[in-house]
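Here's the structure we're looking at; comments come further down.
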2 protein chains.
Amino acid sequence: MAQMGRPRAFDRQQAIEQAMHLFWEQGYETTSLSQLKTQIGGGISAPSFYAAFGSKEALFKEAVQCYLESYARVTDALWDDEIAPREAVELTLRRSTKMQCESGHPKGCMVALGTMSAPKHEHAHVTKPLAVSRARTHAGFVRCVERGIAMGELAEGTDAQAMGTAFSSFLLGVSISARDGVKISVFNTSITELMKLWDAASNER
Amino acid sequence: MAQMGRPRAFDRQQAIEQAMHLFWEQGYETTSLSQLKTQIGGGISAPSFYAAFGSKEALFKEAVQCYLESYARVTDALWDDEIAPREAVELTLRRSTKMQCESGHPKGCMVALGTMSAPKHEHAHVTKPLAVSRARTHAGFVRCVERGIAMGELAEGTDAQAMGTAFSSFLLGVSISARDGVKISVFNTSITELMKLWDAASNER
DNA sequence: AAACATATGTATCGATCGGTATAAATATGC
DNA sequence: GCATATTTATACCGATCGATACATATGTTT
């Protein structure tokens, strides 16, 4: 049987994406219900909102999930063993930076900026998936350096934690710089610089 | 003549510092008046608050100024021509990172995290001094690289903008990483790595 | 002492916060 | 047609938002 009852007047998935843009731009606590209601589906009522999503927090969770399954996948290369580790790192840096500078959505990365999305202690649990994602990406960079060492591409004494943190923190900083208007072309030359960290630890120079 | 009227029951400068800690931790929009009133001077009333500071926005401005004149000065070396440019860069990275990981105040840098302090367009002007400070620090890194080139320490073809952005974005990212609990010892090894970018462009290897 | 200046406590302002109760509107299943 | 299921619109909830009126307390100046 098909759906019973009166059909919803707005597209639910599209609504989640519009909410994601708002949360991405302003964070969880700063984004108000009235803002969400105004933006979603060209304007919906409070009962429609709660019938569809349950609560502001529940919608945020869906918006985060939506982000993690789409935009956040620019870091997937870090876990792809079919890609050479150096290339995986560079690809991730360039893909993420490109995404963060794209037009059509807020600048920066929702995961990185999520640090200040719900700064109040009482709301900290809401942004947990974002913190998990940050930890995962950081671990991904470290893992690639470790792969480089294991493959004999990087010197034995290379500090994977140190180099991984350098890549990771740089990428987190891109979110702030991108909001400040730094252009993708500058980031790209900067990434070319940053990759010299890898080459400096390389065995084949 | 001394001050007339009933004397204030709390220390105004200390109040600004307490407010600075709150704004640093949570941002401008997320920090509420009631939170500020509760924390300041062990609890003050609304009229006392407004008599002393004028408004939430005015207090934020003072808190930002207080931060810029104290904690933010960890980047001063970038503009000190008596310090060799490479040392100025490394000193700034280590000093700022150390400060951001210190206990006794919120983790991270108020200037960096200020990007999400007042994300609503209507409040953007409030965080302008923080944006100016970020631009200044970025320019300071670029300037040090340019000094390195001018002094013949770095190769002629070195891209100052690219390397400066690498240092700058890394340092911005430290604010987010520090909030995630990354330890100062890790950052320090990471900075040692990062400085190899300078050495890779150096003439005397 | 009186006059004045400033800070404080209580009580409250209109606006907005996240969230709901109620009932009318619109679909499907029989 | 009629019962059922779901969404809609209107109106409203108590709590909190940033900010203020008013009277009282506490100091200096004269």
Side-chain angles (χ1 to χ4, degrees), chain A residues 1-16 18-19 22-23 26-64 117-127, chain B residues 1-16 18-19 22-23 26-64 117-127:
Chain A
M1 63 173 176
Q3 57 183 11
M4 286 182 63
R6 180 170 173 174
R8 181 173 284 126
F10 61 94
D11 186 293
R12 194 175 184 281
Q13 184 55 35
Q14 191 176 329
I16 291 172
Q18 289 165 323
L22 269 175
F23 286 130
Q26 302 182 336
Y28 173 72
E29 292 187 46
T30 307
T31 303
S32 70
L33 249 297
S34 58
Q35 273 188 302
L36 289 163
K37 290 185 302 182
T38 302
Q39 293 283 348
I40 287 176
I44 65 172
S45 67
S48 295
F49 179 91
Y50 285 95
F53 308 112
S55 69
K56 178 184 175 182
E57 180 176 336
L59 175 57
F60 182 76
K61 282 182 182 171
E62 290 202 61
V64 165
S117 189
K120 284 211 171 90
H121 184 66
E122 44 183 316
H123 295 144
H125 66 282
V126 174
T127 53
Chain B
M1 61 172 175
Q3 56 184 11
M4 285 181 65
R6 180 172 174 172
R8 181 173 285 125
F10 60 94
D11 186 293
R12 195 176 184 281
Q13 183 57 35
Q14 190 177 328
I16 291 173
Q18 289 165 324
L22 269 176
F23 286 131
Q26 303 183 335
Y28 173 72
E29 292 186 46
T30 306
T31 303
S32 70
L33 248 298
S34 58
Q35 273 189 302
L36 289 163
K37 289 186 301 180
T38 301
Q39 293 283 348
I40 287 176
I44 65 173
S45 68
S48 294
F49 178 92
Y50 284 95
F53 308 112
S55 69
K56 179 185 175 182
E57 179 177 337
L59 174 57
F60 183 76
K61 282 182 182 170
E62 290 201 62
V64 165
S117 188
K120 283 213 171 91
H121 185 67
E122 45 184 315
H123 294 143
H125 67 281
V126 175
T127 53

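Values below: every heavy atom of this structure, side chains too, minus hydrogens, waters and symmetry copies. What you are looking at is a predicted structure, and each value in this text was computed from that prediction instead of being measured.
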Review point. Should the ring pair B/Phe23 and B/Phe60 be called parallel, tilted or perpendicular, given that the plane angle runs from 0 to 90° and is split at 30 and 60?
Key: perpendicular

Exercise for review: Choose from D/dG18, C/dA27, C/dT8 the nucleotide whose nearest atom is closest to any side-chain atom of B/Tyr50.
Suggested key: D/dG18

Check your understanding: OP1, OP2 of C/dA7 versus side-chain N and O of B/Ser48: anything below 4.0 Å?
Key -> no

Check your understanding: For C/dA25, does OP1 or OP2 lie under 4.0 Å from any side-chain N or O of A/Arg6?
Key -> no

Exercise for review: Classify the nucleic acid contact of A/Ala9 as base, sugar-phosphate or nothing, counting any heavy atom under 4.0 Å across all strands shown.
Suggested key: sugar-phosphate

Review point. Taking five pairs at each end of the helix from C/dA1-D/dT30 to C/dC30-D/dG1, what angle separates the two helix axes (nearest 10°)?
Key: 0°

Point to revise | Within 6.0 angstrom of A/His125 NE2, more than 12 heavy atoms from elsewhere | key: yes

Check your understanding: Looking across every strand, which nucleic acid part, if any, lies under 4.0 Å from A/Pro7 by heavy atom: base, sugar-phosphate, or nothing?
Key -> sugar-phosphate

Could you write out each protein N or O paired with an N or O of nucleotides 14-17 of chain C at a distance under 3.5 Å?
residue	atom	partner	partner atom	Å
C/dC17	OP1	A/Ser32	OG	3.1
C/dC17	OP2	A/Ser34	OG	2.8

Point to revise | Qualifying residues under salt bridge (charged side-chain N to carboxylate O under 4.0 Å, His left out), relative to A/Lys56, sequence neighbours excluded | key: none

Check your understanding: Any idea how B/Phe53 and B/Phe10 line up, ring-wise: parallel (<30°), tilted (30 to 60°), or perpendicular (>60°)?
Key -> tilted

**Study point:** Given D/dA19, C/dT20, C/dT28, the nucleotide with the shortest approach to the side chain of A/Met4
**Key:** C/dT28

